[in-house]
Structure formats: C-alpha cells, structure tokens
Amino acid sequence: QVQLVESGGGLVQAGGSLRLSCAASGRTVSTYVMAWFRQAPGKEREFVAAISGSGGIAYLADNVKGRFSISRDNAKNAVYLQMNSLKPEDTAVYYCNVVAQYDIRRPLGSWGQGTQVTVSS
C-alpha cells in the first residue's frame, strides 16, 4: 500500500506562488495517474489536477487553469503542484492521491494529512 505525504503549504499573499510536493512511499507510483485535491473549510473535497503516469498528459480543473500546473518525478516517486497567481479562494488543505485511470476524480488510496494553503487578500 502506498503512503502519501504532502508538503509545501503555507501562508501567502494573493498573487503569490507556492509549490506543493507529494512524496510516495511503500510502492512506486510511476505507473499510476496521480492527482491533487483540496478541501476548503465547510466544503467538500474537490479535484484540482491530475497527471498521467508518464507525466505527458495533465488535467486541470477549470478554476485553476492558467494558474496551476502539475508535474511528477518518477525517479523520486513524487508529484508536484505549482500554484501561481494565488487567490483567497484557493485557501484549503491540499491532498494528493492515486486516482482511477478511467475516472481521474476518483481517488483510490488512503488520504494523507494534507498540507494547508492559506491565501490572504
């Protein structure tokens, strides 16, 4: 079973940038589609971005397109989320997970602790 640890969150002003990291252990995730999700206070967890196993195909939610990008380093068993032009509405706990190849919004693994991102206006 794969364990996922997210890091890189913090407090940033609107318009700023952060880079989140997701480190996987227990097994290699290089053949899996990986995704980022986020959950804001009082809201359901929502899909943010996904990336194919090779890293060649990326999917982004409409509300982050043009601002966020997703990447991976299979040699390090890691996935990243680069977040630019951050807005207060991006404030949430961010999680990564393995997702189904046929439904990238369907998480397959256990949730980690997540990493808190807070964007001040």
Side-chain angles (χ1 to χ4, degrees):
Q1 186 170 349
V2 62
Q3 289 81 42
L4 301 166
V5 177
E6 301 89 351
S7 63
L11 173 64
V12 63
Q13 287 189 331
S17 299
L18 283 174
R19 186 185 190 227
L20 306 184
S21 298
C22 169
S25 62
R27 66 182 302 173
T28 180
V29 295
S30 61
T31 59
Y32 295 105
V33 179
M34 297 292 294
W36 284 94
F37 296 80
R38 67 187 183 186
Q39 187 166 21
K43 295 187 177 181
E44 292 189 355
R45 190 149 23 203
E46 66 170 353
F47 170 83
V48 176
I51 188 166
S52 63
S54 67
I57 302 174
Y59 309 84
L60 295 164
D62 287 343
N63 55 358
V64 304
K65 277 180 182 176
R67 301 188 299 121
F68 291 11
S69 62
I70 185 172
S71 62
R72 67 191 300 161
D73 185 340
N74 286 337
K76 295 182 178 180
N77 221 26
V79 181
Y80 307 98
L81 185 69
Q82 177 67 43
M83 306 186 296
N84 300 325
S85 301
L86 282 161
K87 303 176 181 180
E89 51 263 44
D90 295 318
T91 294
V93 179
Y94 284 71
Y95 304 86
C96 64
N97 211 326
V98 179
V99 295
Q101 196 166 13
Y102 53 87
D103 182 355
I104 60 175
R105 288 171 171 77
R106 180 185 175 191
L108 298 179
S110 301
W111 295 106
Q113 299 262 358
T115 186
Q116 175 71 50
V117 172
T118 303
V119 185
S120 63
S121 57

Revision key, fill the gap. All heavy atoms of Leu60 vs all of Ser69, minimum pair found to be CD2-CA, 4.5 Å
Check your understanding: Does any N or O in the side chain of Glu6 come within less than 3.5 Å of the main-chain N or O of Cys96, such that one atom is a donor and the other an acceptor?
Key -> yes
Point to revise | Heavy-atom side-chain proximity of Leu108 to Arg106 below 4.5 angstrom | key: yes
Review point. In Å and rounded to the nearest 0.5 Å, what is the OG to CZ distance from Ser7 to Arg19?
Key: 9.5 Å
Practice item. Indicate the atoms forming the closest heavy-atom contact of Gln3 with Gln1, along with that distance. Key: NE2-O, 3.0 Å
Point to revise | Reported OH-to-CZ distance for the pair Tyr95 and Arg38, which is rounded to 0.5 angstrom | key: 13.0 Å
Point to revise | Heavy-atom closest pair, residues Val98 and Met34 | key: CG2-SD, 3.6 Å
Point to revise | Heavy-atom closest contact (Gly9 atom, Val117 atom, distance) | key: CA-CG2, 4.1 Å
Study note, to complete from the structure: Smallest heavy-atom separation, Trp36 atom then Cys22 atom, equals CZ2-CB, 3.6 Å
Point to revise | Nearest-0.5 Å distance, CZ of residue Arg105 to CG of residue Asn97 | key: 14.5 Å
**Study point:** Atom pair CD/CG of Gln82 and Leu20 - distance to nearest 0.5 Å
**Key:** 8.5 Å
**Study point:** Donor-acceptor under 3.5 Å (Thr91 side chain, Val119 main chain)
**Key:** yes
Exercise for review: Ignoring hydrogens and angles, tell me if any N or O in the side chain of Asn77 forms a donor-acceptor pair with the backbone of Arg27 under 3.5 Å.
Suggested key: yes
Exercise for review: Run the numbers on Phe37 and Trp111 for ring pair (Phe, Tyr, Trp, His ring centres under 6.0 Å), then give the verdict.
Suggested key: CA-CA 10 Å; Phe37 296 80; Trp111 295 106; 5.3 Å; yes
Check your understanding: Linking I/L/V/M/F/W/Y whenever their side-chain heavy atoms sit closer than 4.5 Å, directly or via other members, would Tyr80 and Ile57 fall into one cluster?
Key -> no
Check your understanding: Quick check: does any side chain N or O of Arg45 sit under 3.5 Å from a backbone N or O of Val93, one acting as donor and the other as acceptor?
Key -> no
Point to revise | Atom of Pro88, atom of Ser121 and distance for their closest heavy-atom approach | key: CG-CB, 3.9 Å
Point to revise | CD/Glu89: more than 12 non-hydrogen atoms of other groups inside 6.0 Å | key: yes
Review point. Salt bridge between Asp90 and Lys87, side-chain N to carboxylate O under 4.0 Å?
Key: no
**Study point:** CG on Asn63 to CZ on Phe68, rounded to 0.5 Å
**Key:** 8.0 Å
**Study point:** Hydrophobic cluster identity match, Tyr94 and Val64, side-chain contacts under 4.5 Å
**Key:** yes
Check your understanding: With distance as the sole test, does Asp73 use its side chain to make a donor-acceptor pair with the main-chain N or O of Ala75 at under 3.5 Å?
Key -> yes
**Study point:** Spacing of CD1 belonging to Ile51 relative to CD1 belonging to Ile104, to within rounding of 0.5 Å
**Key:** 11.5 Å
Check your understanding: What about Ile70 and Met83, same hydrophobic cluster or not, with Ile/Leu/Val/Met/Phe/Trp/Tyr joined at side-chain heavy-atom distances under 4.5 Å?
Key -> yes
Practice item. Look at the side chain of Asn74 and the backbone N and O of Gly53, then say whether any donor-acceptor pair between them is shorter than 3.5 Å. Key: yes
Practice item. Check whether Val99 and Val48 end up in the same hydrophobic cluster, where Ile, Leu, Val, Met, Phe, Trp and Tyr are linked by side-chain heavy atoms less than 4.5 Å apart. Key: no
Check your understanding: Is Glu46 atom CD crowded by more than 12 heavy atoms from other residues, nucleotides or ligands, each under 6.0 Å away?
Key -> yes
